[in-house]
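One structure is given below, encoded as C-alpha cells.
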There are 2 protein chains.
Amino acid sequence: MSETRPSSIRQIADRLGVSTATVSNALRGKGRVSPALTEQIRAEADRLSYVPDHTARALRTGKSNTVGLLVPNIGQPLFPTFAQAIERAAKQRGLAVLIGDSQGDPQQQDFEIRNMIARGVDALIVIPTRGTTVMPESVAVPVAVIDSAVTGGNVAASDHREGGRKIAQHLLALGHDKLLVLAGPENALVASERVGGICEIFRSAGIEPTLTHSDATFEAGCALGRELDVTRFTACAAAYDALAIGFALAVRERGCRIPADLSLTGFDDLMWAQIVSPPLTTVRQDLEAVAVHALSFVAGETSTSRIFPTELVVRQSTARPSAIAQGDTNAE
Amino acid sequence: MSETRPSSIRQIADRLGVSTATVSNALRGKGRVSPALTEQIRAEADRLSYVPDHTARALRTGKSNTVGLLVPNIGQPLFPTFAQAIERAAKQRGLAVLIGDSQGDPQQQDFEIRNMIARGVDALIVIPTRGTTVMPESVAVPVAVIDSAVTGGNVAASDHREGGRKIAQHLLALGHDKLLVLAGPENALVASERVGGICEIFRSAGIEPTLTHSDATFEAGCALGRELDVTRFTACAAAYDALAIGFALAVRERGCRIPADLSLTGFDDLMWAQIVSPPLTTVRQDLEAVAVHALSFVAGETSTSRIFPTELVVRQSTARPSAIAQGDTNAE
DNA sequence: CTGTTAGCGCTTTCAA
DNA sequence: TTGAAAGCGCTAACAG
C-alpha cells in the first residue's frame, strides 16, 4: 500500500536547491563536490531511499552491467552448475546475468543472441549448441565462446582431450584391453575431444577401442545398455556421466556387475556420479576457473584463450578386470 | 571486424525523409501510417537490420519486458528445473528472465530484490529463502511468491500437505506402522507442510511418527543414515529426495536393505530419484503449472492464489514390511 | 567547486 | 496520415 514511486536524482536536486549534475557527481564520487554538500546529498538520497535507475543510466552510458549467458539446454544437469559458476563470477564484478536457453536449436540460438543484444547486454557468454559455431566478429558485443580447444573462437574451456587421456591411462593401468566407448553425438566437439583423448592413449598401447554414437542423455545410455553385447569388453568409457549412468542401470538389469564384470567411467562429475551405485569414476572440470576466465575476457582484461586442466576422480566403478569375468565365470 | 554500430529509428527516418514518430508508428503498427509508407519503412528497417533499442524503449515506457526470478539456492537440484519452467512460461510472453540467487541468505535476498527492481524488472518471482517472508506491498513491482499454501502472500505453490498425505496413505496401505520422518529444516514451511500431511494421516491411524530435523541436503541425509537406529522403524519418509537419497546410501552401508528392511520415500521427483537403486517412491510437483500461474499473476491476468495438486510416483523403494524384518531377523 | 546544457533512442501527445 | 516537440532519468562536456 506504500506509494513507492521511485525517487529520482531530480527530486534530490530540487529539495536541496542544487543541480542534478551535482547530485549525480556527489553520489558517484565523480566530479569534485565539497564534502559538506556531498554529505547532505547522501543524507537526502537515503532519506528518499533513492535507487539509481539502471535503465536510464544504461541508455546514457551505453553500459548495462549485464551479461547474457546462453546455454544449449538448461535441462542437462551440467549447465545449471555452470550457470551458477558464471553467476558467482559475474556478481563479483557487479554484473547481472540474463540467461537464455537455445534448447538445442541453432535458430533459437541465433534468435537469443540477437535478443540479448537488443536487451543491451554488455557481453555474451555462449556455450554453443551442438554443431554450431558462433562468429564473435558477427556480434556487436564481446563474446566468450565456451566449448572446446578445437572450437573456432573458443575463449575458455576445459581440456577435454586431456581428460580423455586421463581416463584411458587409468583404465590401461588397471589392465583393461577391450574397450567400449560411448562416444556421444557425432557432431559434438566436446565429446569428440574426450573420445579422441581416450582413443589416442589406447591406440598407442596397440588397442583399438570400439565406438558407439548416441545422444548425450541418460535415456540414450539406457538404450545402449540394453542393446549392446557387453561381454566382449572389459571396460566402457562414456563421454558423459548421464550416458554412463543410464548405461550402468541398463546393463545391471541384464546381470552385468560393475566393476566386477565391466569397469565403467563417465565425464563431468555430476552430483549423480557420487550417488549411483557403484559411485562413478569420472573427470571433473574446473567450471569456476572457466567462468572466471570467460568473464575476464569479456571484460577486456585478457584477450587470450585458455584451456583448463581437468581432474580424474577415481571411485568404485573401475577395477582390474577380474579373472572371473575373463575366464571361469559361472554366475547364475 | 564489422562496423556494427546499431542503427536507430532516426537513421531510418532521415534516409526516408520522414519523422521518427512515423517510423516508430509504422514499425509497431500503432498510429495510422499509410500502407505504402509502412512498407517502405519496413524495407529500410531491415536493410539496415534495425533492432529496436530495448533500453531506450524501457526508459520511455517504463516497461522492460523482463522478470526477475529469485531462487534460494540454484545449487539445489530442484531450482534449475523450476527456473527452466519459468523460462519457458516467460518466453511465451516475450519476457526475458533475470535470475538471482539468494544463496540461502535473507540479506542477500533483500539485496537481490532491490537490485532487480533497480535494473528495471517489470515483476518479480520469488521463492523465499527459508525463514523469510516477502511482503509484496513493500516492493514496487508485482511479486509472485512461490512457496507453500501457508506462506504469507503466496501466489502459486504445490499442495505439499496433500503430497505428504499421499505418501502417508501409500505407506499405511502397505502396512507400515513404525515411521521415521526426515523432516528437513524446522523453519522451512514447505517441509513442515509435507511433514504435516504425513503426520496427519498416520495420527488418524493411531500411529505417532518419529521426527528428526536437519538440513535439506544430500549430505545431511548421509549423516542421519549413519547415526539413526533404523531397526526401530518399518519405513522412513523424507521431506526431500536429496535427504532420502543420502539416507539410503548411508543406511545401505550399514547393511540395511531397502525396501526389504525399510521402505523409503522422498519428495520432489528429482532426476536422481529414478537412478538411485532402488528407484525412489516420491511425490512430483507440477512445476510447469506453478510457473504458468505465477507469470499469469504478475501479468495481472489473475489475482487469485492457486495451489496445485501433486502426484505420487510409486517406485521400488517402498514395499510391505517383510515378516523377516519384523521378527526373525538374524542378519549380522 | 557547482551549474547549465545537451542529449542517449525511443514513444507519445498534440498539431498540422 | 504525418510531423514537431517533449521528455523518461541519467551522465558528460563545458562554463561559470
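Each chain gets a letter, A, B and so on, in the order its sequence line appears, and its residues count up from 1.
When heavy atoms are screened at a 4.0 angstrom cut-off, A/G120 is found touching no nucleic acid atom at all. Across all strands shown, B/S8 has heavy atoms under 4.0 Å from sugar-phosphate atoms exclusively, and none from any base. Nucleic acid contact class of A/T20 (heavy atoms, under 4.0 Å, all strands): base. Contact annotation for B/R57: backbone-only contact, meaning every heavy-atom pair under 4.0 Å involves sugar-phosphate atoms and none involves a base.
Computed from coordinates, the A/I12 CD1 to C/dG3 P distance equals 14 Å when rounded to whole Å. A straight line from CG of A/N25 to P of C/dG3 spans 10 Å, rounded to a whole angstrom. For B/L59 and D/dC10, the CG to C1' distance is 8 Å, given to the nearest whole Å. Summarising the geometry, the separation between CD on A/Q11 and P on D/dC8 is reported as 12 Å, rounded to the nearest angstrom. Taking atom CD1 of residue A/I41 and atom P of nucleotide D/dT11, one finds them 13 Å apart after rounding to whole Å. What separates CZ of A/R10 from C1' of C/dG7 is a distance of 15 Å, to the nearest Å. With rounding to whole Å, A/L27 atom CG is found 14 Å from D/dA12 atom P. Summarising the geometry, the separation between CZ on B/R28 and P on C/dT13 is reported as 11 Å, rounded to the nearest angstrom.
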*asked:* Quick one, A/R42 with A/E39, criterion salt bridge (Lys or Arg N to Asp or Glu O under 4.0 Å). Give me CA distance, side-chain angles, the key distance, then yes/no.
replied: CA-CA 5 Å; A/R42 284 243 152 76; A/E39 190 37 53; 5.4 Å; no

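Taking each heavy atom of B/Q108 and B/D101 in turn, the nearest pair found is CG-O, 3.7 Å.
Using a cutoff of 4.0 Å between basic side-chain nitrogens and carboxylate oxygens, B/D53 and B/R57 are not scored as salt-bridged.
Of the inter-residue distances, the one linking B/I117 atom CD1 with A/H54 atom NE2 reads 13.5 Å to the nearest 0.5 angstrom.
In this structure the side chain of B/V145 never reaches within 4.5 angstrom of the side chain of B/T133, judged on heavy atoms.
For A/S24, a side-chain nitrogen or oxygen approaches OP1 or OP2 of D/dT11 to under 4.0 Å. Contact check, B/S19 against D/dA4: no side-chain N or O comes under 4.0 Å of OP1 or OP2.
Out of D/dT2, C/dT4, D/dC10, the shortest distance to the side chain of B/L37 is found at D/dT2.
DNA chain D is contacted by both B/R60 and A/K30; B/R60 maps to the nucleotide lying nearer its 5′ end (nearest heavy atom per residue).
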